[in-house]
Amino acid sequence: MRKHAKRALLGAAMGLGSSFALVACTTVPQGVNTSNGSAEVKPGGTSTASATHANTAHENASSSSPITISLSLGLITSNPQGQKKMVNDMIAKFEKQNPGIKVTWSTWDSASQEDTDIETMTATGQGPTIMDVGPIPTAYATHGFHVLSAADWKAIGGKSRYFAKQLTMSGPSASQEIGIPWEINPFALVYNKKMFQEAGIKSPPTTWTQFVKDAQKLTKPSKDQWGTGIDPADSIDPWHINWVMTKQLGGDFLNSNYTKATLNSKPVQTALSFWFDWVTKFKIASPNDLDYKSTDLVSAFENQKIAMLPMQSYAFVPSLNASAVKNDWAYAPMPTIPYGMSKLPKGGTPVQTFTSGDFLVIPNYVQGAQYQAALKWINFFTSVPQQREIFNSIGYLPVNVDAYKNYKPLETPTISMLEQAENHAYPYPFSGNWGNVEVAFGGAANQIADEIATKTYKSGDIASALNAANAQIQNTLQ
C-alpha cells in the first residue's frame, strides 16, 4: 500500500497499475517541455508513450548524441521534490558514466495512463524501450517483451543480485523471465505495542488461533477499541489477506496450470468465512469496518482504535511516524497456522506474504544498441548506490540484497523483519487473467459485507458469492 499512488491491479483493463514507472525511448516525445527540469503532470494528460511534460538533467546535451533515454515516472505526490532531486541526480551520474547516452524524464499520475501505454506499444510496436510494470503475468501474456537471456542477466548484475523470491514473478519459469525487479514490497502484521502491554500480551501471534485470542483481549467496544479490522470495500486488500490464508490452508484461486478457477473451493470459502467471522462471530473487528477501504483501516489504527493490522507493507511507516502511534507500533511476521489448527494442513504452505514489487521490462521492438543502453540503465538503477538512494529519497525497499549489508539506515528491526518476510514470500498464480481474478474475488467480498451490514446475510451466502465469482473467471479462462 503506497501513500503516493496505491498500486492498481485492474481487472477488465490491462491490470498493470504501478507506482513508479521507468520508460526509455529513443527520442524525446513530441510536444515535451524540457526547459525547467521540474516534474509536471497535466490532469487527464496523455500516456507515457506520448507524454506532454518531461524533465532533463542537462539542458545543453548535444543533439547529436547517438542514443537518448527517456524515463517516464509515476508522480510521487507525497514527495515530488524528493523524487525530482533523486531522478536528476541519478541521471547526471548515469550520463557521466555513459557519455554516449542522454536521459530525459517525464511523469504520469494514473494507472490508466500506464495501461494505455502497454496496449498501444504492443499493438503498434512503437513506444518506450524500458517500462516498469506491477504484475508481470499480464504483461507476459501480451508476448510483447524480451525474454531475458543469460547474457542479459549478466549485464544487469546477475540473478544473485536480486532477492530470489522476486524472481519467482519475473516470468512463468526460469527460462521465460521478462521482468527485472527493482524494489520489494513485503507485507507483515503491524501492531500497537502499548495496547499489547496494557492487555498483558507479551508477543505478537504466530497462529490465527492466537491472533483471535489476542484480539479478543484487545477489544473494548465501549471505548471503540478493536483487536483488528477488515476493509472489504477496498479494491485490493481483500484478496491480499484471503489469498495468504487460502495458501496456508492448502488452496489457491486457480489450479496449478491456471486453466481452472478455484474460487469456490473449500480453502477459499474457509478463509473468507474466517475473515468475516472477525466481525460476526469473534467480534474483534467493528461492524463499521464493513464499508471500510484501506485508508479507513489505516486511519483507525493510527488513531488507536485498532490494535493489529495484518498485511501491511513498509510504505505504511512514514504515515505511522507522523501519527498518534508514532512511538507505539511494531511489525511482526504474519501468522502462518490456520485457525483451530496446531500445524499446517496437508498441502498448506507457510506463506507470510505474496511476492510483491515492481519490475522493468523491455519491449521486443527494442534492438541493437538501444537494447544495450536499456540494460546499462537497468544495471545502474539496480546497483547498490542507486538502490540505497531510492530508499533514502522515496522509502522503497531495495531489491538488491547487497544494499542492506553494512548500511545502518537499512539495519532497523522493522526492515530486518520485512527482509525475513520477503524470504517467506510466495508467488501468486502466474496468469494473465490474474487482474480479473482479483476483481471477481473483491466483488464477492464486497457483496458479503453489504449483506452483513444490512442484516440480510444467511448461511450459504459466501459459497454462493464465490460460486458466482468462480463462474465469472472460468468463462474468461476458456
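Atoms considered below: every heavy atom in the structure, side chains included; atoms not considered: hydrogens, waters and symmetry mates.
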Problem - Any donor-acceptor pair under 3.5 Å from E95 side chain to V103 backbone - result: yes

Practice task
Grab the two heavy atoms, one from S265 and one from D252, that are nearest each other, plus how far apart they are.
Solution key: OG-O, 4.1 Å

Problem - Sidechain-backbone polar pair: E177 side chain, L148 backbone, donor-acceptor under 3.5 Å - result: no

Exercise for the section: Take W434 and Y258, measure what ring pair (Phe, Tyr, Trp, His ring centres under 6.0 Å) needs, and give me the verdict at the end. Expected result: CA-CA 10 Å; W434 184 249; Y258 317 139; 8.8 Å; no

Problem - Separation of I306 CD1 from Y292 OH (nearest 0.5 Å) - result: 6.5 Å

Problem - Nearest heavy-atom neighbours spanning P333 and M417 - result: N-SD, 3.5 Å

Handout entry: Any W153 side-chain heavy atom under 4.5 Å of L167 side chain
Key = yes

Handout entry: Beyond-backbone contact of P310 with L189, side-chain heavy atoms, under 4.5 angstrom
Key = yes

Handout entry: Neighbour count above 12 (heavy atom, 6.0 Å) for N257 CG
Key = yes

Exercise for the section: Kindly say whether F94 contributes a backbone atom to a donor-acceptor pair with the side chain of N98 at under 3.5 angstrom? Expected result: yes

Problem - Side chain Y371, main chain N364, donor-acceptor under 3.5 Å - result: no

Handout entry: Pair N400, W182: side-chain N/O donor-acceptor within cut-off below 3.5 Å
Key = no

Completion exercise
Closest heavy-atom pair, A440 versus L263, reported as atoms and distance to 0.1 Å, is CB-CD1, 4.5 Å

Practice task
Answer yes or no: is there a side-chain heavy-atom contact under 4.5 Å between D231 and H240?
Solution key: no

Practice task
Measure the CD-OG1 distance between E422 and T355 for me, rounded to the nearest 0.5 Å.
Solution key: 6.5 Å

Handout entry: Non-hydrogen side-chain atoms of F211 and T228 separated by less than 4.5 Å
Key = yes

Problem - Test side-chain contact (heavy atoms from CB on, under 4.5 Å) applied to Q370 and Y365, step by step - result: CA-CA 10 Å; Q370 191 67 21; Y365 54 74; over 6 Å; no

Completion exercise
In this structure, CD of Q386 is separated from CE of M86 (nearest 0.5 Å) by 10.0 Å

Handout entry: Polar side-chain atom of E411 near backbone of Y407 as donor-acceptor pair, under 3.5 Å
Key = yes

Handout entry: Spatial distance of atom CH2 (W243) from atom CD (E438) [nearest 0.5 Å]
Key = 11.0 Å

Exercise for the section: Flag the pair P345 / P338 as yes when at least one side-chain heavy-atom distance between them is below 4.5 Å, and no otherwise. Expected result: yes

Handout entry: Sub-4.5 Å side-chain heavy-atom contact between E302 and F316
Key = yes

Fill in the blank from the handout: In short, P427 meets T168 closest at the heavy-atom pair CB-OG1, 3.6 Å

Exercise for the section: May I ask you to decide if P409's main-chain N or O and R388's side chain share a donor-acceptor pair within less than 3.5 Å? Expected result: no

Handout entry: 4.5 Å side-chain heavy-atom contact, P186 and K165
Key = no

Exercise for the section: Determine whether more than 12 heavy atoms belonging to other residues, nucleotides or ligands lie under 6.0 Å from atom NZ of K159. Expected result: yes

Exercise for the section: Mind checking the OG1-CZ spacing from T246 to F441? Nearest 0.5 Å is all I need. Expected result: 6.5 Å

Exercise for the section: State whether a side-chain donor-acceptor pair under 3.5 Å links D152 with S149. Expected result: yes

Problem - Short side-chain to backbone donor-acceptor contact, S323 and L320, under 3.5 Å - result: yes

Handout entry: Check: F253 ring centroid to W239 ring centroid under 6.0 Å
Key = no

Problem - side-chain contact (heavy atoms from CB on, under 4.5 Å) between F145 and T142, intermediate numbers included - result: CA-CA 8 Å; F145 301 93; T142 68; 3.4 Å; yes

Completion exercise
All heavy atoms of S170 vs all of F359, minimum pair found to be OG-CE2, 3.7 Å

Exercise for the section: Apply the test side-chain contact (heavy atoms from CB on, under 4.5 Å) to residues Q472 and N436: give CA-CA distance (whole Å), side-chain angles for both, the deciding distance (0.1 Å), then the verdict. Expected result: CA-CA 9 Å; Q472 177 184 338; N436 290 323; over 6 Å; no

Exercise for the section: Kindly indicate whether the side chain of M245, heavy atoms from C-beta on, has any atom under 4.5 Å from the side chain of M334. Expected result: no

Problem - Distance-only donor-acceptor check, side chains W275 and N242, under 3.5 Å - result: no

Completion exercise
When rounded to the nearest 0.5 Å, the distance separating OH of Y396 from CD of Q387 is 12.5 Å

Handout entry: Side chains of Y314 and T414, donor plus acceptor under 3.5 Å
Key = no

Completion exercise
Nearest heavy-atom contact between I156 and L375 is CG2-O, 3.6 Å

Handout entry: Any donor-acceptor pair under 3.5 Å from Q447 side chain to G442 backbone
Key = no

Practice task
Determine whether the aromatic ring centres of Y404 and F163 lie less than 6.0 Å apart.
Solution key: yes

Practice task
Please lay out, stage by stage, how L344 and Q248 fare under the test side-chain contact (heavy atoms from CB on, under 4.5 Å).
Solution key: CA-CA 7 Å; L344 286 168; Q248 293 170 357; 4.3 Å; yes

Handout entry: Short side-chain donor-acceptor distance under 3.5 Å, T476 and N433
Key = yes

Handout entry: Donor-acceptor under 3.5 Å (Q166 side chain, A164 main chain)
Key = no

Practice task
Using atom types as modelled and distance alone, determine if a side-chain donor or acceptor of S313 lies under 3.5 Å from a backbone N or O of F187.
Solution key: no

